[in-house]
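FYI, side chains are in, hydrogens and waters are out, and symmetry mates aren't considered; it's all heavy atoms of this structure. Below, chain A is the first sequence line, B the second, and so on; all start at residue 1. Keep in mind that this is a model prediction, so the values were computed, not measured.
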2 protein chains.
Amino acid sequence: MSTTQMLKGILDGCILAIIKDKEVYGYELAEKLEEYGFQSFGEGTIYPLLMRMQKEKLVTSTLRKSTAGPRRKYYSLTPKGELELAEFMERWDYLQSNVNRVLKHEFKGEDNHA
Amino acid sequence: MSTTQMLKGILDGCILAIIKDKEVYGYELAEKLEEYGFQSFGEGTIYPLLMRMQKEKLVTSTLRKSTAGPRRKYYSLTPKGELELAEFMERWDYLQSNVNRVLKHEFKGEDNHA
DNA sequence: CACATATACTTTGTATTGCAAGGTATTTTT
DNA sequence: AAAAATACCTTGCAATACAAAGTATATGTG
């Protein structure tokens with residue numbers, strides 16, 4: 001039971017959302033996630049995830065020169081990725097509702113205005 | 001990317017919350033979760049989880065006779081379990097905020113009243 | 001009583017995924 | 001030339017939801 005486990009299947013969606021907003025490269029992504037309040041993510045988390053998403057054709061990548069190091073791999077959403085993001089948001093809303101209901105001991109359909 | 005993955009580390013907390021409300025046995029738990037809006041959970045999910053939580057001393061169990069089958073194993077929270085539940089709720093709030101911020105593209109500290 | 005059915009719990013194995021650790025390559029700075 | 005920062009990749013591990021198959025107990029039916 002840790003924060004780590006709770007990110008499973010959720011980090012994907014967050015990354016899709018960030019990429020949709022703006023083309024991003026991996027190294028930059030870790031920083032962005034922190035700006036949104038998340039803990040700091042290591043590279044062992046970010047890169048494999050991005051590569052997995054590319055394999056599933058949710059994102060595409062293009063290499064671009066950097067002014068301060070090796071070339072960056074910029075990722076952007078594919079149409080399939082946009083669809084996946086939309087589906088993720090639905091799943092997330094659903095999950096949120098259910099968990100919050102459990103924590104407040106409200107059955108579905110019950111309206112329990114405190 | 002599935003709903004399954006998104007439950008990791010969250011289902012624990014939900015079960016703790018349900019048990020805190022009222023002593024519950026495994027078979028019954030699956031039904032309860034559905035009442036809260038979740039999909040139906042198989043036994044391969046519920047039982048191992050309960051046993052794991054007992055191993056971690058978050059819950060205790062007592063066998064009681066049933067009128068309609070073999071004895072039921074009723075679970076209730078230990079003080080450690082209550083603490084864990086409280087910590088889970090904090091983690092959950094935190095996660096919820098962060099994910100929702102990402103989905104709305106609001107940085108932390110930014111107030112973005114539409 | 002024998003047999004089916006529903007209830008109730010256990011065990012084993014698998015797939016997914018976040019993450020640490022170690023490795024490689026490129027650019028700027030000293 | 002050497003060091004440091006940037007940027008990406010690979011391997012291996014641990015946690016966990018879940019399916020599948022197994023075991024045992026109570027009730028109901030012929």
Want to settle it: does A/E56 or A/G69 sit nearer the 5' end of DNA chain C, counting the closest nucleotide to each?
-> A/E56
By nearest nucleotide on DNA chain C, pick out whichever of B/Y74 and A/S66 is the more 5' one.
->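 Closest to the 5' end, via its nearest nucleotide, is B/Y74.
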Is there a donor-acceptor pair closer than 3.5 Å between any side-chain N or O of [X] and the backbone N or O of [Y]?
X     : Y     : answer
A/T78 : A/L58 : yes
B/K8  : A/G9  : no
B/Y94 : A/G37 : yes

Residue A/E43, side-chain atoms from C-beta onward, closest of D/dC18, D/dC9, D/dT16 | D/dC9
Counting side-chain heavy atoms from C-beta on, which of D/dA17, D/dA7, D/dT10 comes nearest to A/M51?
->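 Given the options D/dA17, D/dA7, D/dT10, the side chain of A/M51 is closest to D/dT10.
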If you look at every strand shown and take non-hydrogen atoms under 4.0 Å, does [X] touch a base, only sugar-phosphate, or nothing?
X     : result
B/L49 : sugar-phosphate
A/S2  : nothing
B/E28 : nothing
B/K8  : base

Would you mind reading off the distance between [X] atom [atom1] and [N] atom [atom2], rounded to a whole angstrom?
X     : N      : atom1 : atom2 : answer
A/L63 : D/dC9  : CG    : C1'   : 13 Å
B/D12 : D/dC18 : CG    : P     : 11 Å
B/K73 : D/dT25 : NZ    : P     : 14 Å
A/R71 : D/dC9  : CZ    : P     : 11 Å
B/I46 : D/dA19 : CD1   : C1'   : 14 Å
A/E31 : D/dT6  : CD    : C1'   : 10 Å
B/F41 : D/dA17 : CZ    : C1'   : 9 Å
A/R72 : D/dA7  : CZ    : P     : 4 Å

B/R52 side chain N/O closer than 4.0 Å to the phosphate oxygens (OP1, OP2) of D/dT16?
-> yes
Give a yes/no on whether any side-chain N or O of B/T4 is located under 4.0 angstrom from OP1 or OP2 of D/dA17.
-> no
Contacted region of DNA chain C by chain B, from 5' end to 3' end of the hits, cut-off under 4.0 Å to heavy atoms, spans C/dT7 to C/dT17
Would you please indicate if the ring centroids of B/F107 and A/Y36 are separated by under 6.0 Å?
-> yes
side-chain hydrogen bond (donor to acceptor under 3.5 Å, both in side chains) with B/S61: of B/K73, B/R72, B/Q54, only one passes, and it is B/Q54
Nearest-nucleotide 5' precedence on DNA chain D, B/L11 against A/G26 = A/G26
What's the spacing between B/S76 OG and B/K20 NZ if we round to 0.5 Å?
-> 13.0 Å
Helix axis bend for the helix from C/dC1-D/dG30 to C/dT30-D/dA1 - C1'-based end axes, five pairs, 10° rounding =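 End-to-end axis angle for the helix from C/dC1-D/dG30 to C/dT30-D/dA1: 0°, rounded to 10°.
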Donor-acceptor side-chain pairing of B/N100 and A/Q96 below 3.5 angstrom |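 There is such a pair between these side chains.
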For A/G26 and A/L50, work out which heavy atoms get closest and say how close.
-> CA-CD1, 3.7 Å
Would a 4.5 Å heavy-atom cut-off, applied to side chains only, mark A/L103 and B/F88 as touching?
-> yes
Ion pair B/E84/B/R91, N-O distance below 4.0 Å = yes
